[in-house]
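For reference, the structure discussed in these notes is given below.
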Amino acid sequence: MENESLRTFYVTTPIYYANSLPHLGHLYTMIVADAVHRYKEQRGVETYFLTGTDEHGINIERAAERAGRTPQQQADYVVDYYKEMTAQFALDTEHGGYDIFMRTTYPFHAEGVSKFWREVAKSRTPKGRDAIYKGHYEGWFCAPCAAYKTEDEFIKPGHAGESPLCMIHETPLDRVSEESYFFRLSDYGEALIELYESRPDFIRPDSRRNEVMSFVQGGLQDLSVSRVRSSVKWGIPVPDDSSHSIYVWFDALTNYITAVGYGNEERERAVGFEKFWPALHLVGKDILRFHAVYWPAFLMAAGVEQPLAIIAHGMWVDQAGRKMSKTLGNTVELDVLHKHFSIDAIRYFCLREMVFGQDGRFGYEALIDRTNSDLASGLGNLSSRTLTMINRYAESSVPSGIISEEKLLLAKRSGIDTDETTVAGFIEHARDQYLQLFDSFSFSRALEVAWSVVARSDKMISDAKPWDLAKDENQRETLNAVLYRAAESLRWLCVLLYPVMPQATQGIYTQLGFTGSAGAVDPGELKWGGLAVGQKIGEVKPLFPRIDKGKTMDEIKNPVPHATEAEAVANAPAAAATKPEPPQQGATEADAVEGVTSFIEIGDFAKVEMKVGEVLTAERIPKADKLLLLTIDVGETQPRQVLAGIAQYYEPSALVGKKVVVVANLKPRKLRGYESQGMVVAASIGEEGRPVIATFTEDVPNGARLK
Ligand code: MSP
């Protein structure tokens with residue numbers, strides 16, 4: 001990471017749309033940014049780390065409408081979830097994570113965006129024309145992308161009269177034709193190429209830089225940067241023309257500067273635009289164009305310094321190679337991850353498994369295998385055997401690693417390298433490589449290098465066999481040297497790996513007897529021999545328990561409820577688990593038939609309006625671990641919002657696209673502040689009333705009535 005001489009460093013993740021809840025893809029960028037942030041701090045650079053939410057625009061408006069909320073309530077709801085999630089994954093400020101959770105609904109942001117717009121609007125392009133002008137836009141707009149799509153970015157419709165589909169989301173595009181302000185992007189092509197050429201590190205990795213270069217070389221079209229307020233109400237008004245809302249990407253990108261104080265003196269004093277800008281932007285490759293083309297052009301126009309760099313990572317994809325996304329319903333849910341894996345195992349896996357810049361395939365089995373092999377059997381085992389041996393053979397304090405002249409020959413015979421400088425040289429070289437790789441975002445390779453240190457220590461122990469050395473008093477110095485080297489290597493590993501696994505490395509560091517933080521030691525400053533002889537080691541505790549693969553996979557695939565959860569399911573208004581009603585008053589003996597508590601007339605049944613519905617979205621509800629919030633298309637103009645007490649039994653993503661049966665004329669009820677406009681029908685299985693949703697074996701249209 002460049003500019004080691006810089007006093008400050010500013011790293012950002014994208015700000016995430018507040019229309020849906022996060023999944024592994026979102027968590028991933030945060031983990032990368034968090035690791036970079038901790039690493040920079042460790043190296044003595046004052047660092048500011050931003051993440052947050054992108055809260056304006058048509059998508060949020062639509063999501064809010066579907067959920068029966070105002071856009072602000074929708075944003076608050078998603079932000080609550082994000083805050084809870086980031087705390088669970090130790091990414092929030094309290095755990096040493098982000099410095100700001102930025103929200104585009106903060107008033108200081110609106111102030112900054114207005115200032116930025118004004119600066120752009122009064123500027124001239126490199127060709128001497130107005131940077132912003134008013135015109136008319138007609139085109140295909142993808143609401144989930146919040147972007148207009150050109151022909152090469154959409155799937156052409158199968159039939160005349162149908163809308164094309166977005167290539168990313170595979171959902172229909174909207175035809176939009178309206179007055180709009182335009183940013184004269186077409187005048188910035190040469191200036192952008194000059195920027196990319198003068199700063200080869202500006203966009204990374206190189207493959208992405210080349211893509212952006214050829215996109216710009218292909219010629220740029222002007223960009224619509226406003227929507228009429230009658231189409232998009234939920235946005236920051238264009239300064240001096242409140243009949244337009246600022247385009248959500250113009251608004252969102254600007255957050256990177258408003259967050260630190262651009263356009264707001266109070267913020268400037270509290271954080272400091274001057275102090276922290278320019279930032280390093282970490283983004284998924286899906287949104288690289290916005291960051292590497294539009295954003296630099298806006299900044300040029302406004303006369304603001306360019307970002308430090310834009311680093312694009314690959315996507316987590318499913319087994320079919322499709323990008324993990326809510327729309328496709330193929331996401332890895334964060335609560336499942338959190339329930340079964342330690343935070344550090346997830347962090348390690350993300351950084352080790354995805355070769356930075358390339359796409360990565362996620363699998364729970366791969367996560368379990370990595371956790372067991374690299375962490376439980378690898379680092380964890382090295383740490384516990386080293387510390388246990390110090391307890392056993394050196395009375396729980398770090399012994400001296402020096403081998404006297406007269407014992408050298410004996411030591412050599414036991415298979416250890418008697419020249420300690422070779423040992424020190426190996427680890428110093430590994431450290432240098434590791435830092436260089438970390439600096440260039442090659443986390444996976446950096447971790448491979450760290451694990452070469454683990455392997456070398458392991459080998460030294462297996463070769464020297466301390467348990468045999470301990471039986472021979474003449475080999476006491478050799479034994480001590482093995483213990484010292486293993487413990488000292490462990491100290492280095494704690495410091496190096498701290499940004500990747502802050503909790504576990506701190507655990508080992510404390511067990512090594514340190515009272516401070518591994519995060520406070522600059523890995524560049526590590527010197528062999530820094531571990532003090534005589535240091536008392538702490539209590540040895542396992543840090544990476546082995547995961548039982550079969551059992552965990554089974555639990556992930558078939559989550560098991562416990563009694564109280566089952567009760568809640570039965571009590572949830574939309575839950576299908578209906579308890580048998582007591583016999584109704586007036587029912588006679590003759591009415592009693594096996595399995596039936598009472599009969600109803602056909603007219604009674606006709607009163608129940610059951611319809612076929614398609615689940616459009618499914619989300620968990622913060623602080624209500626039993627409930628899922630579903631939106632279901634039952635063939636009406638608006639989808640229904642339905643609550644179902646099935647969160648313990650169904651993965652939200654598994655429900656999206658499912659055809660279900662909805663009791664459509666059930667009186668709406670409120671639960672946990674959300675209105676439930678119907679009920680999903682399910683069988684109730686076993687003692688605990690496990691719900692199994694009723695569905696269809698044939699394709700049925702939404703809204704079809706069940707009779
Ligand atoms: N709101 C915009 C970003 C504005 S930034 C000024 C947006 N939001 S998003 O919610 O769609 O998040 C996009 C980002 O989430 C991606 O760029 C990436 O960082 C992360 N990911 C979302 N899905 C992902 C994967 N399947 N894999 C890896 N990261 C992904 O776009």
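When a residue number appears, it is its place in the shown sequence, counting from 1. Whatever order the structure lists ligands and atoms in, that order sets their numbers, starting from 1.
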Within 45° cone of Phe141 ring axis and under 6.0 Å: Arg227 NZ or CZ
yes
Whether Glu614 and Lys658 form a salt bridge (side-chain N of Lys/Arg under 4.0 Å from carboxylate O of Asp/Glu) is what I want to check.
no
Lys NZ or Arg CZ of Arg267 over Phe108 ring: under 6.0 Å, within 45°
yes
Heavy atoms only: which of Gly25, Ala18, Gly57, Gly360 lies closest to atom 20 (C) of ligand 1?
Gly25
Ranked by distance from atom 12 (O) of ligand 1, the top protein heavy atom is Tyr16 CD2, 3.4 Å
A student checking ligand 1 against His26 at a 4.0 Å heavy-atom cut-off should list atoms 10 (O), 12 (O), 15 (O), 22 (C)
Counting each atom of ligand 1 from 1 as listed, which ones have a heavy atom of Lys323 under 4.0 Å away?
23 (N), 26 (N)
Counting from 1 in the order shown, the ligand 1 atoms closer than 4.0 Å to a non-hydrogen atom of Gly314 are 28 (C)
Hey, looking at atom 11 (O) of ligand 1, which of Tyr256, Tyr17, Trp249, Trp295 has the closest heavy atom?
Tyr17
So the atoms of ligand 1 within less than 4.0 Å of a heavy atom of Asp54 turn out to be 1 (N), 2 (C), 4 (C)
Identify the protein heavy atom lying closest to atom 23 (N) of ligand 1, giving its residue, its atom name and the separation to 0.1 Å.
His23 CE1, 3.5 Å
Kindly indicate whether a cation-pi arrangement holds for Lys149 with Phe154, taking the cut-offs as under 6.0 Å to the six-membered ring centre and within 45° of the axis.
no
Got a salt bridge between Asp174 and Arg62, using NZ or NE/NH1/NH2 to carboxylate O under 4.0 Å?
yes
Per-atom contacts of ligand 1 with Ala252, taking only distances under 4.0 Å to non-hydrogen atoms:
6 (C)
Testing the basics here: between Thr86 and Met30, what is the closest heavy-atom pair and its distance to 0.1 Å?
CG2-SD, 3.7 Å
Distance to the ring centre below 6.0 angstrom and angle to the axis at most 45 degrees; does that hold for Arg175 and Trp140?
yes
Closest to atom 19 (O) of ligand 1 (heavy atoms only, candidates Asn19, Thr29, Leu282) is Thr29
Got the closest protein heavy atom to atom 3 (C) of ligand 1, with its distance?
Ile15 O, 3.2 Å
Electrostatic pair Glu211-Arg208, nearest N-O below 4.0 angstrom
yes
Using a 3.5 Å cut-off on N or O atoms only, is Gly284 in polar contact with ligand 1?
yes
Looking at atom 27 (N) of ligand 1, what's its closest protein heavy atom, distance included?
Trp316 N, 2.8 Å
When only distance counts, is Met324 in polar contact with ligand 1, meaning an N/O pair under 3.5 Å?
yes
Arg229 side chain to Lys233 backbone, donor-acceptor under 3.5 Å
yes
Specify the protein heavy atom at minimum distance from atom 13 (C) of ligand 1: its residue, its atom name, and the distance to 0.1 Å.
Asp286 OD2, 4.2 Å
Face-on cation placement of Arg289 at Phe215 ring, 6.0 Å and 45° thresholds
yes
